[in-house]
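Worksheet: the structure to be examined is printed underneath.
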Amino acid sequence: MKRFLFAVFLLFFITKIAGQEEKETKHLDSIQVNLKRSLDSVLKHTPNDLNIIVLKKKLKEITPKKIEEPEQQGWKNKAVFSLLFNQSAFNFDWQGGGTSNVAGNAILNYELNYKRNSLTWDNKVLADYGLSFLKDEDFARKTNDRIELNSRLGQRIGKSFWNYSLFVNFRSQFAKGYRFTKDPDTDQTIRIEETHFFSPAFLQIGPGILWKKSDNLNINIAPVTSRMIFVDDQFTTTENYIDGDYFGVDAGEDSRFEFGGSLAAYVKFTVLKNVTFENILNLYSNYIEDPSNIDIDYTLNINLIVNKYITGNFAFQAIYDDNAIGGFQIREVIGLGLKYEF
C-alpha cells in the first residue's frame, strides 16, 4: 500500500513539473515571438548602413580574442643558403653584339639570436661571393665578395620599443680584388691586385639606443662609435702612394682609427605573397675629419620564392665612402637559383 501511494505521489509530482515546464516554454516562445516582431519593426525603419554598422560592432564584441603566444625564450637560429645562376650565349653570326658569359653567386645568411625577458642578443653572418666567366677572357671577374658579421645586445627600457644597445660590426672580403687594364704593347688584359682578405677590413663598435618594433623593423642610433680600418701595408708603402689614398690610411701605415656616430636601419616587408623587400641602411660620420662627408651603405634585396627550393633574387647596393673613392660605388646582381634553409 505504501509503495502504491508513493508511486501515485511521484507521478503527480512529475506531472506537475512537466506542466510547469510547458507553461515556461510557452512563455519563452511568446517572448521570442514578441522580440522578433520588435526587432523586425526596428530594422524595417532603420537605414541599412546603420544596421550593418551595429551588426559589425556586435560581432566584434562577441568574437573571442586571439590568444597571443608567448615569445620564444633562449636561443633561436636560422640559416638560408642560396646558389644563383645566370648565363648568356651568342653565336658568331649574332649581329646585335654581346659576349657569352656564365655567372654564379653563393649567398649565406645565418642568424643566431638570444632572448631572455627584456634582454636580446642578435647575431647575423652574411657571406656573399660570385664570379663571372666571359668568353675569350683570361681571367674571371668577381660579381660580389663580402663577409659581414653583426652582433647587437639590447636591453628593453620599460615596456616600450626602445632599448639600450651595444653593437659590433665587422666587414671584409674573401679573395683578392683586381683592377683590369690593357697592356699597350701586347693588347693583352693584365690585372693589378688592389685588395685581398682583411685589406681592407672595417671594425665598428659603439653603445647607443635601439628602436625595435620587430625583427623586421628596427633602427639603431649610436652617437659614440669607434671605427678601425685595417689594410695591408704593401698598398701604402709604394713610392707614389699619397697619404689617405688607400681607404684613408696614411703612407706606411696599416690601420686608421676614426671616432664618430652611426645609424643602422633595417626594414623588411612582404609586397606580394611570395615577394619580400629587404632594406639595409648604414650611415657613419667621422667627427675627427670631415664630419659632413657621411659614409653611406645601402642594400636592397628583392627575394622571390618560387617554391621550397627555388628562389629568385635581385640585389642592389650603393656605397659612398670618400676615403675609398670620390663617388658612389654601385652593384647590381640578378639571378635565379636554388635555396636551402636549415
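Keep in mind that this is a model prediction, so the values were computed, not measured. Residue numbers count from 1 along this sequence.
For the pair Asn218 and Lys213, the minimum side-chain heavy-atom distance is 4.5 Å or more. Looking only at side-chain heavy atoms (C-beta outward), Trp75 and Asn113 stay at 4.5 Å or farther from each other. Residues Phe277 and Phe314 form no side-chain contact, since every pair of their non-hydrogen atoms from C-beta on lies 4.5 Å or further apart. Side-chain contact between Ser151 and Trp121 is present, with heavy atoms from C-beta onward closer than 4.5 Å. By the 4.5 Å heavy-atom criterion applied to side chains, Gln204 and Met228 are not counted as neighbours. Taking 4.5 Å as the limit, every side-chain heavy atom of Glu148 sits out of range of all side-chain heavy atoms of Phe202. A 4.5 Å side-chain heavy-atom check between Thr299 and Glu278 finds every atom pair outside the cut-off. Counting only heavy atoms from C-beta outward, the side chains of Ile107 and Leu84 approach each other to under 4.5 Å.
Going from atom OG1 of Thr143 over to atom CZ of Phe133 covers 9.5 Å, rounded to the nearest 0.5 Å. The distance from atom CZ of Phe259 to atom CD of Glu289, rounded to the nearest 0.5 Å, is 15.0 Å. Between the CG atom in Asn303 and the CG atom in Asn313 there is a gap of 5.0 Å [rounded to 0.5 Å]. Distance check, rounded to the nearest 0.5 Å: NZ of Lys176 to OG of Ser199 gives 11.5 Å. Interatomic distance, CG of Leu281 versus CG of Leu300, reported as 12.0 Å (0.5 Å rounding). Going from atom CG of Leu210 over to atom CG of Asn220 covers 5.0 Å, rounded to the nearest 0.5 Å.
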(Q) Using the rule given for side-chain contact (heavy atoms from CB on, under 4.5 Å), can you reason through Phe85 versus Val102, listing the C-alpha separation, both sets of side-chain angles and the distance that settles it, and then say yes or no? (A) CA-CA 8 Å; Phe85 302 96; Val102 176; over 6 Å; no
Q: Test ring pair (Phe, Tyr, Trp, His ring centres under 6.0 Å) on Phe235 and His196 and set out the steps.
A: CA-CA 11 Å; Phe235 300 110; His196 56 230; 5.4 Å; yes
Q.
For a side-chain contact (heavy atoms from CB on, under 4.5 Å) check, start with the C-alpha distance between Leu272 and Thr270, then their side-chain angles and the critical distance, and finish with the verdict.
A. CA-CA 6 Å; Leu272 296 173; Thr270 301; 5.7 Å; no
Q) Between Lys135 and Asn101, does a side-chain contact (heavy atoms from CB on, under 4.5 Å) hold up when you go through it step by step? A) CA-CA 6 Å; Lys135 184 180 179 181; Asn101 65 85; over 6 Å; no
Q. Can you check side chain to side chain donor-acceptor pair (under 3.5 Å) on Asn123 and Asn150, steps first, answer last?
A. CA-CA 6 Å; Asn123 302 277; Asn150 291 286; over 6 Å; no
Q. For Asn144 and Tyr129, what are the C-alpha separation, side-chain angles and deciding distance, and is it a side-chain contact (heavy atoms from CB on, under 4.5 Å)?
A. CA-CA 5 Å; Asn144 197 27; Tyr129 188 75; over 6 Å; no
Q.
With side chain to side chain donor-acceptor pair (under 3.5 Å) as the criterion, how do Gln317 and Asp297 come out once you've worked through the C-alpha distance, each side chain's angles and the decisive distance to 0.1 Å?
A. CA-CA 7 Å; Gln317 185 176 14; Asp297 188 344; 3.1 Å; yes
Q | Full working for ring pair (Phe, Tyr, Trp, His ring centres under 6.0 Å) between Phe230 and Phe198 | A | CA-CA 7 Å; Phe230 303 96; Phe198 220 82; 5.6 Å; yes
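Looking at Asp145, its side chain does come within 3.5 Å of a backbone N or O of Phe174 through a donor-acceptor pair. Between the Asn286 side chain and the Ile288 main chain, a donor and an acceptor come within less than 3.5 Å of each other. Between the Tyr164 side chain and the Leu153 main chain, no donor and acceptor come within less than 3.5 Å of each other. A donor-acceptor pair under 3.5 Å is absent between the side-chain atoms of Ser285 and the main chain of Gly261, judged by distance alone. Under a 3.5 Å cut-off, the side chain of Asn307 and the backbone N or O of Ile310 do form a donor-acceptor pair. Judged by distance alone, with hydrogens and angles left aside, the side-chain atoms of Thr311 form a donor-acceptor pair with the main-chain N or O of Leu304 at under 3.5 Å. Remark: the backbone N or O of Pro200 is paired with a side-chain donor or acceptor of Ser172 at under 3.5 angstrom. Judged purely by atom type and a 3.5 angstrom limit, Glu137 has no side-chain atom pairing as donor or acceptor with the backbone of Phe139. A donor-acceptor distance shorter than 3.5 angstrom exists from the side chain of Asn163 to the backbone of Arg156, with no hydrogens or angles considered. Counting only distance, with no hydrogens or angles, the side chain of Tyr241 and the backbone of Asp245 share a donor-acceptor pair below 3.5 Å.
Every residue two or more places apart in sequence or in another chain was checked for a ring-ring contact (aromatic ring centres under 6.0 Å, His included) with Phe257, and none qualifies.
Here the rule is ring-ring contact (aromatic ring centres under 6.0 Å, His included) with Phe328, and of Tyr320, Phe316, Tyr298 only Tyr320 fits it.
A single hydrophobic cluster is seen to contain both Ile221 and Phe161, as judged by linkage of ILVMFWY side chains at heavy-atom distances under 4.5 Å, directly or through other members. Hydrophobic clustering of Ile, Leu, Val, Met, Phe, Trp and Tyr side chains at less than 4.5 Å, counting indirect connections, keeps Ile229 apart from Val168. Cluster annotation: Val125 is connected to Tyr114 through the hydrophobic network of ILVMFWY side chains, with a link wherever side-chain heavy atoms come within less than 4.5 Å. Cluster annotation: Val275 is connected to Leu217 through the hydrophobic network of ILVMFWY side chains, with a link wherever side-chain heavy atoms come within less than 4.5 Å. Cluster annotation: Ile280 is not connected to Leu283 through the hydrophobic network of ILVMFWY side chains, with a link wherever side-chain heavy atoms come within less than 4.5 Å.
Cation-pi check for Lys124 over Tyr266 is met; the charged atom lies under 6.0 angstrom from the ring centroid and within 45 degrees of its normal. Under a cutoff of 6.0 Å and an axis angle of 45°, Arg256 and Phe247 do not form a cation-pi pair.
Lys78 has no carboxylate O lying under 4.0 Å from a charged side-chain N of Glu111, or vice versa, which leaves the two without a salt bridge. Using a 4.0 Å cut-off between charged side-chain N and carboxylate O, Asp138 and Arg191 make no salt bridge. Ion pairing between Asp295 and Arg227 holds under the 4.0 Å rule for side-chain N and carboxylate O.
Leu166 and Pro207 make their closest contact through CD1-N, 3.8 Å (heavy atoms, listed as atom of the first residue, atom of the second, distance). Considering every non-hydrogen atom in both Tyr246 and Glu194, the closest pair reads OH-O, 2.9 Å. Closest non-hydrogen pair, Thr225 versus Ser262, comes out as OG1-OG, 3.2 Å. The two residues Asn301 and Ala315 come nearest to each other via the heavy atoms OD1-CB, 3.5 Å. Between Pro223 and Gly208, the closest heavy-atom pair is CD-CA, 4.3 Å. The nearest pair of heavy atoms linking Tyr110 to Ala79 is CD1-CB, 3.4 Å.
Taking the six-membered ring wherever Trp is involved, the centroid distance between the rings of Tyr340 and Phe81 does not fall below 6.0 Å.
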Could you pull out every donor-acceptor pair under 3.5 Å between side chains of residues 332-339 and any protein atom, sequence neighbours left out?
residue, atom, partner, partner atom, Å
Lys339, NZ, Glu341, OE2, 3.4

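Using modelled atom types, one finds a donor on one side chain and an acceptor on the other under 3.5 Å when comparing Glu258 with Asn323.
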